[in-house]
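Take a look at the structure below.
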Amino acid sequence: MSRFDWTPSPILPTKRVSFADVGYEEMVDRAHRLAPTLAARAEQCEKLRRLPDETERDLHEAGLFRFVQPRRMGGAELDVGIFIDVCAAIARVCPSTAWNVGNLASHHWMLGYFPPETQEELWDVSLDVLIATSLAFAGGRGRKVDGGWEVTGRWPLSSGVDNCDWNMLGFMVRDDSGAVVDQRFALAHRSQYEIIDTWHAVGLCGTGSKDVACTALFVPERRTLSAWSFDGNPHPGTPVNDTPLFRLPLLALGPYVLSGVMLGCAQGAYDLVVGAARKRNATNTGVPVNVNPTVQIKIAEASARIDNAEVIMKRVCEHAMSVARAGTEPRQEDKVRYRRDAFFATRACLEAVDILMTVAGSGGLYTTGPMQRLFRDAHAANAHVMFSPEIQGALFGQHALGSPGPRPLL
């Protein structure tokens, strides 16, 4: 096998550091300790429209990109619920940074499902390598050629792409009739695709979720993988990563990579609004806001949504880990329930943010304050396909009702 010769980004750490002995609570604490620094950079991150280099360095140093990397490669390999807690801690102050942490950390997890030689091709050069992706399979097309695949396409919403050396590009495989027979990922180096600066957005402005494109790119077989490999059954990476985290149905749990961002937006909004309401007088009456029964009820409504959303998210992750530890095959009814619970929990978070915005009043509108950012970013995050009731709810309903149709990619 001839390996691809690549040079890591100058922002990546040059020293190989292991986080294998960093536990769950310590990793979450690291996210909380970094939060004040990220809060101070939140406006800069938005204006830059990508993750600032100094923030990337801080995240590398804390190991916050490597919490689900295989322990054998120096990753922490923590339970999947770590996405919720770490991303929520960061999203309280900078949802864009949290979005990139969730996305880019998850691609170490995904890489662990690829063949061992592909994992080594990247991690032997840098344990800290950052990989972007685009799940828009319809944006790419591929055809089988000698030794691999020829891939062409243009993909939107490749979050964090400016900070990444590699990209996992989703593409469709069709038969002669045009019917889709597979959906695959192609792992491509940044020298092999074009980054197109399209990310001018109203929310999650600092995620750098730009388009990428390539034409007739040859990708060797070892660097492509069927998306069906992430269904919780043995996969090409199993010989070296046969541990509970890598037995999970990764695509079914995909929403939980980012649902913590929604939770953190809601938690951050609650802290801001409740803290201000305790000391604020209404501008039209001069009466303290905290004695208004309507405000009190709204605070209770928002709080109940936030707390229950967190319970739902963590219950899913705990259930999935228990199934993986038992060594049993994930059931389809559980997979569709994971997706159902994700859209329901994130919708509760969005509703909480909207309720809190009405309590914040005109004070929440100032661009100099963080409330408007949390409001915008929560609405932007909710637009993700993984949180769509129309799509994710329909998956559950189809299964529950025994409706005919193709088996969903979970």
Side-chain angles (χ1 to χ4, degrees), residues 68 70 80 103 106-119 131-145 147-151 153 155 166-188 219-257 316 320-321 323-324 327-340 342 385-386 388 391-392 394-396 398-399 403-410:
V68 287
V80 70
N103 265 304
S106 76
H107 302 152
H108 280 292
W109 184 25
M110 289 179 69
L111 184 58
Y113 286 67
F114 276 74
E117 60 267 29
T118 306
Q119 299 176 40
I131 309 165
T133 193
S134 176
L135 292 174
F137 292 101
R141 62 185 186 274
R143 67 181 186 91
K144 192 74 176 71
V145 295
W149 295 81
E150 184 182 272
V151 179
W155 297 265
W166 291 82
N167 207 316
M168 293 179 183
L169 302 173
F171 67 92
M172 297 281 201
V173 181
R174 300 178 185 272
D175 62 18
D176 293 340
S177 71
V180 176
V181 295
D182 197 5
Q183 297 173 72
R184 302 183 70 85
F185 286 101
L187 188 56
V219 184
E221 185 69 40
R222 68 179 182 277
R223 291 211 304 270
T224 73
L225 188 65
S226 173
W228 290 97
S229 299
F230 299 103
D231 67 356
N233 288 299
H235 49 78
T238 297
V240 293
N241 297 320
D242 189 17
T243 53
L245 184 67
F246 293 93
R247 297 186 201 124
L248 293 172
L250 189 152
L251 286 186
L253 292 164
Y256 300 92
V257 166
V316 165
M321 290 302 309
V323 172
T328 56
E329 182 178 345
R331 301 181 304 174
Q332 192 72 3
E333 62 194 76
D334 288 330
K335 293 179 183 180
V336 295
R337 180 170 56 83
Y338 297 164
R339 290 292 188 89
R340 178 204 68 184
V385 65
M386 290 287 192
S388 167
I391 296 174
Q392 309 308 332
L395 290 178
F396 180 86
Q398 175 188 334
H399 181 84
S403 303
R407 185 179 177 85
L409 179 58
L410 293 174

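As a basis for the values below, the full set of heavy atoms in this structure was taken, side chains included, without hydrogen atoms, waters or symmetry mates.
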Indicate yes or no: at least one non-hydrogen side-chain atom of Val173 is less than 4.5 angstrom from one of Lys144. no
Between Val385 and Gln392, what is the shortest heavy-atom contact and its length? O-NE2, 3.0 Å
Taking all non-hydrogen atoms of both residues into account, name the closest pair between Leu395 and Pro408 and its distance. CD2-CB, 3.5 Å
Quick one: CZ on Arg223 to CH2 on Trp149, what's the gap to the nearest 0.5 Å? 15.0 Å
Would you give the length of the straight line joining atom CG of Asp231 to atom CD of Gln332, rounded to the nearest 0.5 angstrom? 9.0 Å
Any non-hydrogen side-chain atom of Asn167 less than 4.5 Å from a side-chain atom of Trp155? no
Pairwise side-chain contact, Leu225 with Leu187, heavy-atom cut-off 4.5 Å (strictly under): no
Considering only heavy atoms from C-beta outward, does the side chain of Trp109 approach that of Val257 to under 4.5 Å? yes
Are Met110 and Phe185 close enough that some pair of their side-chain heavy atoms sits under 4.5 Å apart? yes
Atom pair NE2 (His235) and CZ (Arg247), whose distance is rounded to the nearest 0.5 Å: 9.0 Å
Quick check: do His399 and Lys335 have side-chain heavy atoms less than 4.5 Å from each other? no
Could you tell me the separation between the CG atom of Leu135 and the CG atom of Leu169, rounded to the nearest 0.5 Å? 10.5 Å
Distance-minimising heavy-atom pair for Phe114 and Met168: CE1-CE, 3.9 Å
Flag the pair Leu409 / Phe137 as yes when at least one side-chain heavy-atom distance between them is below 4.5 Å, and no otherwise. yes
Between Arg143 and Arg174, is any pair of side-chain heavy atoms under 4.5 Å apart? no
Shortest non-hydrogen contact from His107 to Thr133? NE2-CG2, 3.0 Å
Note: Pro244 and Met321 closest approach over all heavy atoms is CB-CE, 4.0 Å
Inter-residue atom distance Leu248.CG - Tyr338.OH, 0.5 Å rounding: 8.0 Å
Between Glu221 and Arg184, is there a salt bridge with N-O shorter than 4.0 Å? yes
Going through the distances and angles, do Asp182 and Trp228 end up as a side chain to side chain contact (heavy atoms under 4.5 Å, CB included)? CA-CA 8 Å; Asp182 197 5; Trp228 290 97; 3.6 Å; yes
Which atom of Leu253 lies closest to which atom of Ala320, heavy atoms considered: CD1-CB, 3.8 Å
Ignoring hydrogens and geometry, is there a side-chain-to-backbone donor-acceptor pair from Asn241 to Gly112 under 3.5 Å? yes
Taken to the nearest 0.5 Å, the spacing of His108 NE2 from Ile131 CD1 works out to 6.0 Å
